[in-house]
Amino acid sequence: MFHLTKELSIELDGQLNASVLFLLGTFTIQLKRLSDNKKIQRLSMIAPDNTASIFPIPAIGVGGIVFNSQNQVLLIQRNQPPAMGLWSIPGGKLEAGESLTEACKREIKEETGLETEIRNIVAVVERRIENFHYVIIDYLALLIDEDHAMPIAQSDIADAKWVPLESITDYELVDGLAEIIRRTFCIYKGDHLAGLYDVDSKGTDYIPLL
């Protein structure tokens with residue numbers, strides 16, 4: 001049988017104790033890190049700077065209200081959220097690198113195939129529905145070619161058509177649109193100088209006419 005001397009036994013006990021203490025210390029540090037990570041995860045769920053996990057990020061949208069010489073308004077039927085299946089005006093989300101008027105002109109062209117000239121701002125609306133948050137700027141847009149103004153629905157909408165003003169209530173419109181169309185038609189016909197206008201033709205500053 002192997003026997004340890006008293007001195008060797010003390011030395012080994014010291015090394016063992018040191019090793020055990022080192023392992024326990026390392027284990028404690030790891031547990032603390034795990035605990036801290038869980039606390040951070042819990043805090044991140046309620047922290048003010050992480051509201052994207054609770055609320056949708058706001059986005060800027062544009063819409064174009066277009067009339068023709070027969071006093072009809074251009075409507076499109078949405079085929080994707082939000083408001084899928086409802087009727088609205090051509091429009092969509094502002095993309096990086098483009099101005100508001102460029103976005104409006106592009107969206108009308110992409111959804112209906114029609115070329116337009118973007119004029120004044122007629123409405124600003126905020127919509128928070130179906131986990132979307134949009135601030136939408138609606139413009140009056142004028143047809144460039146009245147003789148070739150048959151809208152053709154593109155892939156991102158279900159339908160596009162000219163609708164007589166007296167018939168717009170026959171369509172299931174997005175909330176608030178009917179009144180915006182009626183008031184914009186008065187501006188279009190020259191009955192009112194309402195809305196915000198691009199007075200310096202830069203497409204950046206819109207102010208009321210005096």
Side-chain angles (χ1 to χ4, degrees), residues 59-125 127 129-130 132 134-198 201-203 206:
I60 299 174
V62 292
I65 303 178
V66 188
F67 301 100
N68 63 15
S69 57
Q70 284 75 48
N71 295 338
Q72 298 172 319
V73 64
L74 181 62
L75 294 182
I76 58 99
Q77 187 179 32
R78 298 185 56 80
N79 68 355
Q80 52 190 314
M84 184 167 65
L86 300 186
W87 289 83
S88 184
I89 54 176
K93 191 175 178 180
L94 178 71
E95 294 183 354
E98 66 181 356
S99 68
L100 290 168
T101 53
E102 289 170 346
C104 189
K105 184 180 181 72
R106 172 184 55 76
E107 286 288 347
I108 297 172
K109 173 71 173 178
E110 288 181 354
E111 294 186 346
T112 69
L114 300 181
E115 293 284 357
T116 55
E117 177 189 349
I118 309 304
R119 301 299 293 271
N120 50 303
I121 294 174
V122 294
V124 177
V125 300
R127 295 291 180 263
I129 57 172
E130 302 174 33
F132 290 89
Y134 279 106
V135 176
I136 306 169
I137 298 94
D138 290 335
Y139 288 86
L140 172 63
L142 303 181
L143 280 172
I144 289 179
D145 188 355
E146 275 269 1
D147 296 328
H148 300 87
M150 180 61 65
I152 300 175
Q154 305 300 314
S155 59
D156 56 345
I157 62 171
D159 199 1
K161 62 174 62 177
W162 291 107
V163 176
L165 287 180
E166 62 271 16
S167 302
I168 59 175
T169 53
D170 296 336
Y171 293 78
E172 192 175 2
L173 302 176
V174 296
D175 186 44
L177 181 59
E179 187 61 26
I180 293 174
I181 290 175
R182 293 191 188 99
R183 295 189 181 214
T184 303
F185 183 72
C186 293
I187 299 174
Y188 169 72
K189 297 298 288 184
D191 297 337
H192 299 280
L193 290 176
L196 302 175
Y197 290 80
D198 180 18
S201 300
K202 292 181 179 179
Y206 286 78

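We count residues from 1, following the sequence as given. Every value quoted in this text rests on a predicted model; they were computed, and no experiment measured them.
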Legend entry - Verdict with reasoning, Val124 to Val135, per side-chain contact (heavy atoms from CB on, under 4.5 Å): CA-CA 7 Å; Val124 177; Val135 176; 4.3 Å; yes

Inset, instruction - Would you name the heavy atoms of Ile136 and Gly63 that are closest together and state the gap between them? - result: CG2-N, 4.3 Å

Inset, instruction - Taking only Lys NZ, Arg NE, NH1 and NH2, and the carboxylate oxygens of Asp or Glu, determine whether Glu115 and Lys105 approach each other closer than 4.0 Å. - result: yes

Legend entry - Spacing of Leu86 atom CG and Leu75 atom CG [to the nearest 0.5 Å]: 12.0 Å

Under 3.5 Å, sequence neighbours excluded: what are the donor-acceptor pairs made by side chains of residues 167-178?
none

Legend entry - Verdict with supporting geometry, Arg119 and Leu142, side-chain contact (heavy atoms from CB on, under 4.5 Å): CA-CA 7 Å; Arg119 301 299 293 271; Leu142 303 181; 2.8 Å; yes

Inset, instruction - Check whether any side-chain heavy atom of Asn120 sits under 4.5 Å from a side-chain heavy atom of Ile187, and report yes or no. - result: yes

Inset, instruction - Supply the atom-to-atom distance Leu165 CG to Ile181 CD1, rounded to the nearest 0.5 angstrom. - result: 7.5 Å

Inset, instruction - Give, for atom OG of Ser88 and atom CD of Glu111, the distance between the pair rounded to the nearest 0.5 Å. - result: 8.5 Å

Legend entry - Donor-acceptor contact present, side-chain Gln80 to main-chain Arg78, <3.5 Å: no

Inset, instruction - Evaluate the side-chain proximity of Asp138 to Ile121: yes if any heavy-atom separation is below 4.5 Å, no if none is. - result: no

Legend entry - Mutual orientation of the aromatic rings belonging to Phe132 and Tyr134 [parallel < 30°, tilted 30-60°, perpendicular > 60°]: parallel

Inset, instruction - Look at atom CD1 of Ile60 and say whether more than 12 heavy atoms of other residues, nucleotides or ligands are closer to it than 6.0 Å. - result: no

Inset, instruction - Report the distance from atom CD of Gln154 to atom OG1 of Thr112, rounding to the nearest 0.5 Å. - result: 7.5 Å

Inset, instruction - Heavy atoms only: give me the nearest Ala153-Ala160 pair and the separation to one decimal. - result: CB-N, 3.8 Å

Inset, instruction - For Leu143 and Asn68, run side-chain contact (heavy atoms from CB on, under 4.5 Å): C-alpha distance rounded to whole Å, both residues' side-chain angles, the deciding distance at 0.1 Å, then the answer. - result: CA-CA 7 Å; Leu143 280 172; Asn68 63 15; 4.0 Å; yes

Inset, instruction - Working to the nearest 0.5 Å, report the span between CG of Asp156 and CD1 of Ile76. - result: 8.0 Å

Inset, instruction - For Ser69 and Glu146, work out which heavy atoms get closest and say how close. - result: N-OE2, 3.1 Å

Inset, instruction - Verify side-chain contact (heavy atoms from CB on, under 4.5 Å) between Ile89 and Leu74, making sure each step is shown before the conclusion. - result: CA-CA 7 Å; Ile89 54 176; Leu74 181 62; over 6 Å; no

Inset, instruction - Keeping the roles fixed (side chain from Asp198, backbone from Gly203), state whether a donor-acceptor pair exists under 3.5 Å. - result: yes

Legend entry - Note: Arg106-Glu102 ion pair, threshold 4.0 Å (strictly below): no

Inset, instruction - Answer yes or no: is there a side-chain heavy-atom contact under 4.5 Å between Glu130 and Pro81? - result: yes

Legend entry - Heavy-atom side-chain proximity of Val122 to Ile65 below 4.5 angstrom: yes

Inset, instruction - Please report the closest heavy-atom contact between Ile144 and Glu117, naming both atoms and the distance. - result: CG1-N, 3.9 Å

Legend entry - Beyond-backbone contact of Val66 with Trp162, side-chain heavy atoms, under 4.5 angstrom: yes

Legend entry - Reported OG1-to-CG distance for the pair Thr116 and Asp145, which is rounded to 0.5 angstrom: 12.0 Å

Legend entry - Met150 side chain near Leu114 side chain, heavy-atom distance below 4.5 Å: no

Legend entry - Thr101 side chain near Tyr139 side chain, heavy-atom distance below 4.5 Å: yes

Inset, instruction - Would you please indicate if the ring centroids of Phe67 and Phe185 are separated by under 6.0 Å? - result: yes

Legend entry - Side chain Gln72, main chain Val163, donor-acceptor under 3.5 Å: no

